[in-house]
Participant: 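Have a look at this one before I ask anything.
In this text the structure is predicted, and so the values were computed from the model without any measurement. When reading the values below, keep in mind they use all heavy atoms of this one structure, side chains included, and skip hydrogens, waters and symmetry mates.
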2 protein chains.
Amino acid sequence: MTNDSELSGKHNLLTPFDYTLTVLGGKWKMKIMYQIACQKVLRYGELKRSILGITHKVLSSQLKELEESGIIKRVEYSQTPLKVEYSLTPKGKTLMPILEDMCKWGLQYLPDEQRIINNIRNE
Amino acid sequence: MTNDSELSGKHNLLTPFDYTLTVLGGKWKMKIMYQIACQKVLRYGELKRSILGITHKVLSSQLKELEESGIIKRVEYSQTPLKVEYSLTPKGKTLMPILEDMCKWGLQYLPDEQRIINNIRNE
DNA sequence: CCGCATCCAATTTGATACTG
DNA sequence: CAGTATCAAATTGGATGCGG
């Protein structure tokens, strides 16, 4: 670790851009947010099934970090069996335009050979 | 590897959103792009000095990937000592609005305690 | 100066089992 | 059902040296 945290001490100070990267960073956070946003509310298991390839451990740790960043809200219903629902917070919703722009950009630039969904209503 | 690539075969097919994540993904690519965009053109060494904490190995591998994705352009001048300049391609420039929005979002939501630059022309 | 290759350490991830 | 803990496996990261 030879980076910023050395310069800025224990409370690691960040530039605004780095803060956003911290909140959204990693391989899965944006995909998780995207899924939650699409469905408004999702239970843990539904979320897991909707994101191909993510593992139990990774999903739960990333959900926890997103919650700590104030991006998603976790509501636990004390039933048996347990039920937990995730949704975006207002703060989280303010990030959606960025994710949508990323999606639009991908639509424009994704090479056809790699496209997985190209036959939806092409007439 | 229990993910998409299994489902989609060797040419790993992607959704548009995943494509964007692939292009921009990782800890450093967006920061690299951001630096290049700010200066229009940067030599390798300048770039390295401008990004705190990045190592030689990581910077060069990420630059290569960005080049392969068509986001940055690499121009090599056959001098001794060697000189290489990096700049954004037109495709790369189309991503800048997204990076700028991320920066703006960070400005709004970065908690004051973590802010590293908060005294620039506050009157 | 730039960037690839190597070697080894550190971090992340996956599979599995366990708790409330 | 949701989440944590553990441990091995895989991936990434840093330091260094070589060659164009």
Participant: Starting at atom CD of A/Glu68, determine the distance to atom P of D/dG3, rounded to an integer number of angstrom.
Facilitator: 13 Å
Participant: Of A/Leu63 and B/Gln62, whose nearest nucleotide on DNA chain D comes first from the 5' end?
Facilitator: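 With A/Leu63 and B/Gln62 compared, the 5'-side residue is A/Leu63.
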Participant: Does the pair B/Glu46/B/Lys48 count as a salt bridge with the N-to-O cut at 4.0 Å?
Facilitator: no
Participant: Answer with yes or no whether the hydrophobic clustering places A/Ile51 together with A/Val41; edges join I, L, V, M, F, W, Y residues whose side-chain heavy atoms lie under 4.5 Å apart.
Facilitator: no
Participant: Rounded off to whole Å, could you give me the NZ-to-P distance for the A/Lys64 and C/dT12 pair?
Facilitator: 16 Å
Participant: Centroid separation under 6.0 Å, is that true for the rings of B/Tyr34 and A/Phe17?
Facilitator: yes
Participant: Examine C/dC1: is either OP1 or OP2 under 4.0 Å from a nitrogen or oxygen in the side chain of B/Arg43? Give yes or no.
Facilitator: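 No.
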Participant: Quick check on C/dG3: is either OP1 or OP2 less than 4.0 Å from any side-chain nitrogen or oxygen of B/Arg74?
Facilitator: yes
Participant: Classify A/Tyr86 by what it touches in the nucleic acid, base, sugar-phosphate, or nothing, heavy-atom distance under 4.0 Å.
Facilitator: sugar-phosphate
Participant: Where the side chain of B/Val84 is concerned, which of C/dT13, C/dC1, C/dC2 is the nearest nucleotide?
Facilitator: C/dC2
Participant: Rounded to the Å, how far apart are B/Leu82 CG and C/dG3 P?
Facilitator: 7 Å
Participant: So what does A/Ser60 hit on the nucleic acid, given a heavy-atom distance under 4.0 Å: a base, only sugar-phosphate, or nothing?
Facilitator: base
Participant: Would you mind reporting whether B/Glu67 and B/Leu63 have side-chain heavy atoms less than 4.5 Å apart?
Facilitator: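 No. Closest side-chain heavy atoms not under 4.5 Å.
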Participant: Using atom CD of A/Glu85 as one end and atom P of D/dA2 as the other, report the distance to the nearest whole Å.
Facilitator: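 A/Glu85 atom CD is separated from D/dA2 atom P by 10 Å.
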Participant: Under 6.0 Å from the NZ atom of B/Lys73, do we count more than 12 heavy atoms belonging to anything else shown?
Facilitator: no
Participant: Of the nucleotides D/dG20, D/dT16, D/dC7, which has the atom closest to the B/His56 side chain?
Facilitator: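 Of the candidates, D/dT16 comes closest.
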Participant: From CD of A/Glu67 over to P of D/dA2, roughly how many Å is that when rounded to an integer?
Facilitator: 15 Å
Participant: Tell me whether the side-chain N/O atoms of A/Lys57 come closer than 4.0 Å to OP1 or OP2 in C/dT12.
Facilitator: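 No, A/Lys57 has no side-chain N/O under 4.0 Å of OP1/OP2 on C/dT12.
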Participant: Can you measure A/Lys83 atom NZ to D/dA2 atom P for me and round it to whole angstrom units?
Facilitator: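 Roughly 10 Å, once rounded to whole Å.
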Participant: Measure from CD on B/Glu65 to C1' on D/dT11 and round the result to the nearest Å.
Facilitator: 13 Å
Participant: Provide, to the nearest angstrom, the distance between the CG atom belonging to A/Leu59 and the C1' atom belonging to C/dT13.
Facilitator: 14 Å
